[in-house]
Every structure is written in C-alpha cells, then in structure tokens.
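All heavy atoms count here, side chains included; hydrogens, waters and symmetry mates do not. Predicted model, so just to flag it, every value in this text is computed and none were measured.
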Amino acid sequence: MSAAFASWEAAVGRARLVGLVLCLGTPVLIGALILAGVVPPGGERPEGTYLQLGHIFTGLVFLSAAWVLWRKGTVLKAFHRVPEAHRAGVILRETLLYAALFELSSLYGLVYWLLVGQHAARHAFGYIILSPLLFLAFVPRRRHWLAASGPGPGEAS
C-alpha cells in the first residue's frame, strides 16, 4: 500500500468526522438553544410571505441535495483520474462542501423558528434535523471512494 493511498484513506475518515461534527453539532447546538429558551420562537403565522419563505427553504434543501447527488456522481466518476497525491484533497474538499451545503438546512430551521416558531415548531425542527440525515444519506463513504479509485494494488485494470 502506497503512502499516498494511506493518506487519502485517512482523509476519508477525517473528512467524514469533520462533516459529521458540523452536520450533527450545529443542529444539537441550535436545538439546545431553542429548548433552553435562549432563542425565542417567532409569533408570526406561517401564512403569506412566511409560508412562501418556508417553501423557498424546502426548495433550497432539495436543490442542495440534488446538486450534491449530481456532483457526487461526477466526482466519483472522475476520481480514478486524480493523481494519488491529490486524492486526499479532493475527498476533504468534496466532503466538507457537501457538509456545508447540508448545514444550511439547520440555519433555515433557526430562521424559521425565529419567524414562526410558535405556530410551526415541527417545520422548524424538520429543517434542523435534516442536516445530519442528508449528510449520512448522500456523502460518499469509504467504499464509494475506494470503488471509484479504480482497481486496487495488484489487480488488473
């Protein structure tokens, strides 16, 4: 096993850990602040402009998930052409990019809570909880990167 291979294999674990901390830590923090009463619920009704904002947030969450699915496929398809020395960087960049996009869902939930939390708490918490779920569902795992890297050492191409 080459040093570069070991390096990008370790990068998968580091990137996944940082992404999970981001996508799980922020929702836990936001939820704790809400449940402790530090962040008060908004009193607006989820009608009109606020309802439209909720629809926009939902659309943005779905758009980010769709974009991640597209990009993940594109990056994994081309991963075997990336020189081994650069693979760790690609894995870190992609995983953290996906985590940051999914993290936006938690922030949408916080904003929605601040606006309509009294009347639509379940919707606000829905946005907040989507962040770690999307990360776990869509971010490539070690086996995906390994399969995309091409034939292993000693295997025929």
Side-chain angles (χ1 to χ4, degrees), residues 7-82 86-149:
S7 169
W8 72 261
E9 278 255 316
V12 172
R14 281 193 310 271
R16 192 143 181 96
L17 179 64
V18 171
L20 271 174
V21 166
L22 181 65
C23 285
L24 191 57
T26 303
V28 167
L29 176 64
I30 291 171
L33 291 172
I34 288 172
L35 294 176
V38 175
V39 179
E44 301 295 330
R45 292 203 162 291
E47 302 169 340
T49 302
Y50 299 106
L51 180 62
Q52 291 303 314
L53 187 62
H55 292 313
I56 289 170
F57 286 166
T58 300
L60 288 172
V61 169
F62 281 118
L63 182 63
S64 67
W67 186 83
V68 165
L69 278 174
W70 168 80
R71 180 157 173 112
K72 175 177 113 173
T74 303
V75 170
L76 287 175
K77 193 181 298 181
F79 190 66
H80 70 279
R81 291 191 301 266
V82 174
H86 298 288
R87 288 182 178 181
V90 169
I91 291 167
L92 286 167
R93 180 191 67 220
E94 294 301 313
T95 303
L96 296 180
L97 175 63
Y98 304 158
L101 280 172
F102 293 147
E103 183 56 35
L104 290 174
S105 180
S106 294
L107 300 178
Y108 300 151
L110 177 61
V111 169
Y112 210 59
W113 174 262
L114 289 168
L115 295 172
V116 298
Q118 278 182 340
H119 304 287
R122 68 179 181 188
H123 297 279
F125 277 104
Y127 291 120
I128 293 168
I129 197 68
L130 273 176
S131 185
L133 296 177
L134 290 169
F135 183 84
L136 291 171
F138 294 124
V139 172
R141 292 175 175 80
R142 179 187 175 279
R143 71 176 184 271
H144 298 125
W145 292 113
L146 191 58
S149 69

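The closest donor-acceptor contact from the side chain of Ser64 to the backbone of Val61 lies under 3.5 Å. Judged by distance alone, with hydrogens and angles left aside, the side-chain atoms of Arg141 form a donor-acceptor pair with the main-chain N or O of Leu136 at under 3.5 Å. Between the Trp8 side chain and the Trp145 main chain, no donor and acceptor come within less than 3.5 Å of each other. The backbone N or O of His80 lies less than 3.5 Å from a partner atom in the side chain of Arg87, making a donor-acceptor pair.
Nearest heavy atoms, Ser131 versus Cys23: OG-O, 3.6 Å. Listed here is the closest heavy atom pair of Leu22 and Pro27: O-CD, 4.0 Å. Pro132 and Ile129 make their closest contact through CD-O, 3.2 Å (heavy atoms, listed as atom of the first residue, atom of the second, distance). Nearest heavy atom pair, residue Ala148 against residue Leu76, reads CB-O, 3.2 Å.
The CD1 atom of Ile34 lies 4.0 Å from the CD1 atom of Ile128; values are rounded to the nearest 0.5 Å. Atoms CG and CZ, from Leu97 and Arg71 in turn, are 5.5 Å apart once rounded to the nearest 0.5 Å. Taken from CD1 in Ile91 to CG in Leu96, the straight-line distance is 11.5 Å, to the nearest 0.5 Å. A distance of 11.5 Å separates OG1 in Thr74 from NZ in Lys72, rounded to the nearest 0.5 Å. With rounding to the nearest 0.5 Å, the separation of CD in Gln118 from CH2 in Trp113 is 8.5 Å. Distance CH2/Trp67 to CG/Leu69: 11.0 Å, rounded to 0.5 Å.
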side-chain contact (heavy atoms from CB on, under 4.5 Å) assessment of Phe102 paired with Val139: CA-CA 10 Å; Phe102 293 147; Val139 172; 4.1 Å; yes
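For the pair Ile56/Leu60, a side-chain contact is recorded, criterion being any heavy-atom separation below 4.5 Å from C-beta on. Taking the side chain as every heavy atom from C-beta outward, Thr95 and Phe135 approach each other to under 4.5 Å. Looking at Val111 and Phe57, their side chains come closer than 4.5 Å, going by heavy atoms from C-beta outward. Side-chain contact between Val90 and Arg93: present, with at least one pair of heavy atoms (C-beta onward) separated by less than 4.5 Å. For the pair Ile30 and Thr26, the minimum side-chain heavy-atom distance is below 4.5 Å. Counting only heavy atoms from C-beta outward, the side chains of Tyr98 and Val75 approach each other to under 4.5 Å.
Within 6.0 Å of the CZ atom in Phe125, the count of heavy atoms belonging to other residues, nucleotides or ligands exceeds 12. Arg45 CZ: 12 or fewer foreign heavy atoms inside a 6.0 Å radius.
Side chain to side chain, Thr58 and Tyr127 meet the donor-acceptor criterion of an N or O pair below 3.5 Å.
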